[in-house]
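Reminder, nothing fancy here: chain letters follow the sequence lines and each chain counts from 1. Keep in mind that the numbers below use all heavy atoms, side chains included, and drop hydrogens, waters and symmetry copies. Owing to the predicted nature of the structure, the values given are computational and were not obtained by experimental measurement.
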Amino acid sequence: MRTKSNKCFFLLAFALLFTTMSMAQQTTSKEINKIKRSSSYLYAEATMDSEAEAAEVAYELLMKQVDEYIGSKKKLTSADNVLIKDIRSRSEQMSMMRGEMHRVFVYVKKNDIEGVMNTTVVNAASGATITINDNPVLAPVHRAPVQAAPEENPVATTPVVNEVPVNEVPAEEVAVDEVPETSLDEEKQPAASTAVQSDLVGWQQRVITELLECGDITAIRAKLNRLKAQYRVKRFGTPDKCPNSAEACWIIFDNNGNLITILGAGSDSRIDYREMKLSSLANHRGKNALWFILAK
Amino acid sequence: MKKVFVIAFAALLSTFALRAQDEVLFEFSDGIEGSVKQTMEQNTSRLLTAINQAESSGKDINYRGIGIDDLATQSIGMMWNNVKFRVVDDDIVEHCLRIKASNGRVIGYQARNIAVVMKPIDDSYVGDLNQEICINFDPSGRISDFNITMGLQQYVRLMKEGERLNDADRRMQILHWVEQFRNAYVQKDIRFMEDVFSDDALIVTGKVVKRQHTDMKPISKVEYTTQGKQQYLNGLRRVFRNNAYINVKFDDIQIVRHGAKPNYYGVTLKQGWFTKNYSDEGIVFIVWDFTDEFHPKIMVRTWQPTEIDDSDIFTLSNFKLN
C-alpha cells in the first residue's frame with residue numbers, strides 16, 4: 001500500500017515538475033516574442049549546442065543590428081562605428097532550452113543607442129573610452145591622431161590634437177572627447193585627454209580585441225592563421241622575418257608565452273591596445289614577439 | 001449514456017487540442033511593411049501549420065490556400081520523403097531579410113531561424129534532430145524556396161566579411177545557392193544538380209593513395225580523376241538510389257571573388273558526407289559563375305581529402321576560366 005502511494009507521489013511530483021518547466025519555457029518564449037514585437041528594441045538570437053556559443057553568436061548578430069540601426073539614423077550616420085558602452089552590460093539576455101540545444105536571445109533598447117549622443121561610451125571592441133558631446137546634431141566625426149610622446153613618458157599625458165579635416169575623415173572613425181561643434185580652427189585646439197584613441201577602423205579594432213582575448217601564443221597563432229584565411233590579416237611571422245617593422249603590429253609575450261599586449265603600427269611610438277596608451281617596441285625589449293600586418 | 005457523452009466530449013476536446021497544437025502563427029517584426037508583409041506572414045503561418053498537421057496525422061502536406069511555388073513544394077516534398085519534421089514554436093516572430101540583386105534591386109525576401117525538430121522514420125537518419133529552416137519569398141510575398149539552413153556561426157562570419165568587402169548582398173545570394181546545393185544532396189534532387197552544373201563543368205576528385213617506399217615507409221600521394229557533368233551525375237544517381245538518407249554538412253565556408261572576372265566566385269568548404277554505411281570528410285572547392293545571377297552555374301567542383309596540405313587546396317588560380 002505504502003509502495004503504491006510512494007509511486008503515486010513520485011509520478012505526481014514528476015508531472016508537476018515537467019509542467020512547471022514547460023510553463024517556464026513557454027513564459028520565456030512569450031516574453032521573447034513580446035520584445036520582438038515591440039519597436040523599442042533591437043534583438044538577435046541564436047540556438048547552438050552550448051549557451052556560451054549561442055550567446056557569442058547572438059551578440060555578434062546584435063552588433064550587426066546596432067550597426068545597421070545607427071547607419072539608418074540620419075543624425076547618427078557619421079557615427080557608424082560608435083557602439084554603445086560595453087554592449088553586454090547594456091543589453092539583456094534570456095536563455096532557454098530548445099530540445100538539447102541552447103537558445104539565447106539578446107536585446108537592447110533603441111533609446112540606449114540614441115542615448116550615446118549624451119553619454120560617455122566605450123567602443124565595444126576596443127574598450128577605448130569615447131565621449132560624445134551633447135550637441136543635438138552629432139559633431140563632425142574625427143579622430144585624434146596620436147602624437148608621438150617622448151619615449152621616457154609613454155603614457156599619454158601629452159595633449160591629443162585634432163588635425164584631420166572633417167571632410168577627409170573616413171566614415172568609420174569615432175568621435176572624441178570635448179569636440180566643439182564649431183570651426184576647424186577651434187578643433188585644432190588641444191583636447192584634454194589622458195588616454196589615446198584607437199587608430200583603427202571598426203573591423204580592425206575587433207580583430208585586435210579577438211587577439212587580445214586569446215591569452216597565449218598557441219591560441220594567437222591559431223587565431224592569426226584563421227584571420228589570414230579570412231583575409232583580415234595579410235601576413236604574420238616571427239621578428240626575424242618582418243619585412244617592415246613600422247607597418248606591422250606587434251604581439252608581445254612573456255617568457256611563458258602568455259600575451260602581454262599588442263602594439264599598433266608605427267615607428268617610435270605605437271598604441272598599446274591593452275592599456276590604450278602610448279608605448280613602443282623599445283619598452284618590451286628582450287621579450288618574445290610576433291608581428292602581423294592588418295589588411296586595409 | 002452519461003459515459004458515452006463524456007467520452008464524446010473528451011474526444012472532441014482532444015481533437016481541438018491537437019489542432020491547436022499544430023497551429024503556427026508567424027509574424028515579421030521588421031524589415032518589411034504593407035500588404036507584402038501580410039501576404040508573407042499569412043503564407044508562412046499556413047505552410048508551417050500544414051507541415052505540423054501532416055506530421056500529426058501522418059498524411060501528406062496540404063498546400064491548399066498557400067501562395068507557394070512548385071520549386072518550394074518540390075523541395076519540401078523531397079525532404080518529407082526522407083524525414084518528417086515539425087515546427088518547434090507555435091508563435092514565431094522574425095526579422096525579414098531582403099535579398100538584393102547586384103544593382104541593389106530587391107529580388108526577394110527571406111525568413112531564417114525557424115526551428116524544426118526532425119522526426120525520423122527509421123534509424124537510417126544520420127542528421128541532427130534540431131535544425132533550422134529558412135523560407136524565401138518572391139517580391140510579391142509568394143513562397144519561392146524552402147531550405148534547411150547552414151550553421152548560424154558561418155552565416156554571421158560570412159556576412160561580416162561581406163560588409164567589410166562591400167559585397168554583402170552578393171554573398172547572401174551565394175550563401176542561398178550554397179544552401180540549396182547542400183539541400184539538393186539531402187533531398188536527392190538530381191534535377192537541381194542537372195540545372196546547376198554547367199554543361200561543360202569540370203569535376204575533380206582526389207584520392208589519397210599510399211605507396212610502399214623502398215625503406216618500407218608508406219608514402220601518401222593524392223591522385224586525381226576528372227569527370228564531366230553527366231558522368232558525375234550518373235554516379236550521383238546511383239548513390240541516391242542506394243541510400244535511404246544522405247546527410248551533407250558544409251563547414252568553414254570561404255568565399256573569394258575572382259580578381260579579373262568579378263562574376264566568378266570561388267567557394268571553399270569542408271564537406272561532411274554521412275550515410276548509414278559510409279561517411280567521409282573532404283575539402284570541396286566550387287567555382288560559381290554568377291553572370292546570370294538568377295541562374296548561377298557551377299563551372300568547377302573539386303573534392304580533396306582533408307589530410308592534404310593547405311597549399312595544395314584548389315583555388316581560383318588553378319583554373320583557367322574563359
query = chain B contacts: which residues in residues 39-47 of chain A have a non-hydrogen atom closer than 4.5 Å to it?
reply = A:Tyr43, A:Glu45, A:Ala46, A:Thr47
key: Check ion pair B:Asp89-A:Arg98 (N to O, under 4.0 angstrom)   = yes
ask   = Are more than 12 heavy atoms from other residues, nucleotides or ligands located less than 6.0 Å from atom NZ of B:Lys84?
value = yes
message = Can you confirm whether more than 12 heavy atoms, excluding those of B:Lys100, are under 6.0 Å from its NZ atom?
response = no
ask   = Which atoms of B:Val117 come close to chain A, meaning under 4.5 Å heavy atom to heavy atom: side chain ones, backbone ones, both, or neither?
value = neither
ask   = Should we count CZ of A:Arg221 as having more than 12 external heavy atoms under 6.0 Å?
value = no
request  = Answer yes or no: is there an ion pair linking A:Arg37 with B:Asp91, defined by an N-O contact shorter than 4.0 Å?
outcome  = yes
inquiry  = Regarding B:Glu94 and A:Lys36, does a basic nitrogen lie under 4.0 Å from an acidic carboxylate oxygen?
reply    = yes
query = If you measure from NE2 on A:His102 to CG on B:Asn130, what distance do you get to the nearest 0.5 Å?
reply = 11.0 Å
message = I need the A:Met101 CE to B:Gln131 CD distance, nearest 0.5 Å.
response = 8.5 Å
ask   = At a heavy-atom separation under 4.5 Å, does B:Ile92 approach chain A through its side chain, its backbone, both, or neither?
value = backbone
note = Hits for side chain to side chain donor-acceptor pair (under 3.5 Å) against B:Ser35, two or more places apart or cross-chain, chain-then-number order -> none
